[in-house]
Amino acid sequence: MKLPIVFSPRYDIRVLGIEKLHPFDSEKYGKVHRYLVDKVGIDEGSFYAPDPATDDVLLKVHDANYLDSLHKSANIALIAEVMVAALLPNAILQKHLLEPIRYATGGTILGLALALEHGWAINLSGGYHHAKAESGGGFCFFADVPIAVRNMWETDPDRKVLIVDLDAHQGNGNASILGDDPRVRIFDIFNGSIYPGDHEAARYVKYNHPVRMYVSDGEYLGLLESELPPAIEESSPGLIIYNAGTDVLAGDPLGGMNITAEGIIRRDGFVFRSAIDRKIPILLLLSGGYTRKSAGVIGRSIGNILIHVVGVRP
Ligand SMILES: [Zn+2]
């Protein structure tokens with residue numbers, strides 16, 4: 001029997017070893033999948049596999065000039081923040097860097113449909129929340145969430161969406177693309193002292209909660225647990241998209257926050273339960289968090305959700 005969990009072996013990013021120059025474990029996707037199979041006991045055959053997003057799909061949100069600009073390796077290198085990538089043939093970057101993100105985007109589209117069908121779903125990638133319509137940034141090339149939401153609206157135009165973004169970084173791309181649509185509300189808790197500091201995008205975020213550097217479990221979870229329930233009640237969404245970034249983990253070199261593994265597990269369980277208890281479909285995306293410890297924490301947290309929140313019995 002299949003579970004509404006989306007994964008492709010094509011999610012992992014391997015570009016002739018240069019991915020190792022970035023402070024990212026770019027193979028975390030496969031490791032989380034492995035954890036769910038080996039440690040949680042999910043059958044290999046239970047996962048859904050996505051198709052990669054075609055240009056036509058990307059154009060639902062992105063500007064054609066922006067997509068064209070990705071045919072220059074130097075532009076890809078800037079967005080990936082790996083300058084040496086500028087020296088590689090564009091075809092190699094397309095295949096080994098952008099193609100995995102096309103699969104991730106297809107995974108978010110499929111995950112959204114599965115969430116509406118099953119009440120919940122997880123894409124073991126996605127959440128590239130810095131990508132805007134005309135530009136990428138912060139390792140985000142394609143705006144998978146806005147693309148999936150616009151795709152849904154083609155057949156389900158009245159469905160309201162609440163984006164709950166708990167990645168350590170402000171979700172400025174999603175806010176700039178979707179924030180002024182009356183069907184969307186955004187709830188964002190992020191480190192207010194780090195990238196991207198996008199005050200223009202923040203104007204579109206109804207529930208905007210910057211927190212201080214090195215915030216720890218008590219303060220962070222207290223804020224979430226007091227502020228999220230009224231935001232859900234007030235916005236009464238027909239879908240919650242949860243950007244469950246794990247770069248909030250203590251020691252993450254990019255996030256600058258001090259949340260424990262146990263804090264992340266409690267956080268993810270709380271968000272998931274908040275949706276399930278209200279019978280609101282929820283789609284979880286992995287978003288940021290690429291330390292060597294990240295995959296294990298994500299695997300434990302998803303295992304906790306599966307067993308203790310949605311009641312999967314592997
Ligand atoms: Zn992040």
Side-chain angles (χ1 to χ4, degrees), residues 11 13 19 22-29 31-32 78-82 97 100-101 104-105 107-108 122-132 135-146 163-179 186-199 201-202 205 207-217 220 223-224 241-261 263-264 267-268 271 283-298 301-302:
Y11 282 176
I13 296 164
E19 71 278 4
H22 199 284
F24 274 22
D25 180 1
S26 58
E27 298 180 359
K28 77 167 177 178
Y29 314 105
K31 288 179 186 167
V32 173
L78 278 172
I79 297 167
E81 299 169 348
V82 180
L97 182 56
I101 300 168
T105 302
T108 298
I122 295 169
N123 179 19
L124 297 182
S125 184
Y128 293 104
H129 61 166
H130 300 306
K132 298 186 174 181
S135 60
F139 204 76
C140 298
F141 292 90
F142 305 132
D144 58 306
V145 166
I163 298 172
V164 176
D165 193 333
L166 302 185
D167 185 276
H169 298 91
Q170 178 200 13
N172 61 324
N174 289 346
S176 92
I177 297 167
L178 291 177
I186 299 175
F187 179 98
D188 198 348
I189 300 180
F190 58 98
N191 183 341
S193 307
I194 57 170
Y195 176 89
D198 189 334
H199 301 292
V205 179
Y207 310 103
N208 193 51
H209 298 288
V211 293
R212 61 184 179 81
M213 285 295 278
Y214 306 118
V215 64
S216 56
D217 285 12
Y220 179 73
L223 178 66
L224 172 69
I241 297 180
Y242 175 32
N243 243 17
T246 44
D247 46 6
V248 300
L249 184 66
D252 185 286
L254 301 174
M257 292 169 74
N258 213 8
I259 307 306
T260 63
I264 288 174
R267 175 194 76 166
D268 293 349
V271 175
L283 169 63
L284 182 149
L285 308 170
L286 299 196
S287 205
Y290 300 91
T291 68
R292 302 285 153 193
K293 288 185 187 156
S294 304
V297 175
I298 298 163
S301 186
I302 293 176

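For this chain, numbers begin at 1 and follow the sequence in order. Order of appearance sets the numbers: ligands from 1, and atoms from 1 within every ligand. Note that these values count all heavy atoms, side chains included, but never hydrogens, waters or copies made by symmetry.
Rounded to 10 degrees, the ND1-metal-OD2 angle spanning His169 and Asp247 at the Zn ion (ligand 1) equals 90°.
For the ring-ring contact (aromatic ring centres under 6.0 Å, His included) test, no residue two or more places apart in sequence or in another chain qualifies with Phe190. Partners of Phe187 under the ring-ring contact (aromatic ring centres under 6.0 Å, His included) rule, at least two apart in sequence or in another chain, are His209.
Contact annotation: His129 places no N, O or S atom under 2.8 Å from the Zn ion (ligand 1).
A donor atom on one side chain and an acceptor atom on the other are found under 3.5 Å apart for Ser294 and Thr291.
The atom of Asp167 nearest to the Zn ion (ligand 1) is OD1, with the search restricted to N, O or S atoms.
Ring planes of His130 and Tyr195: perpendicular class, angle over 60° (limits at 30 and 60°).
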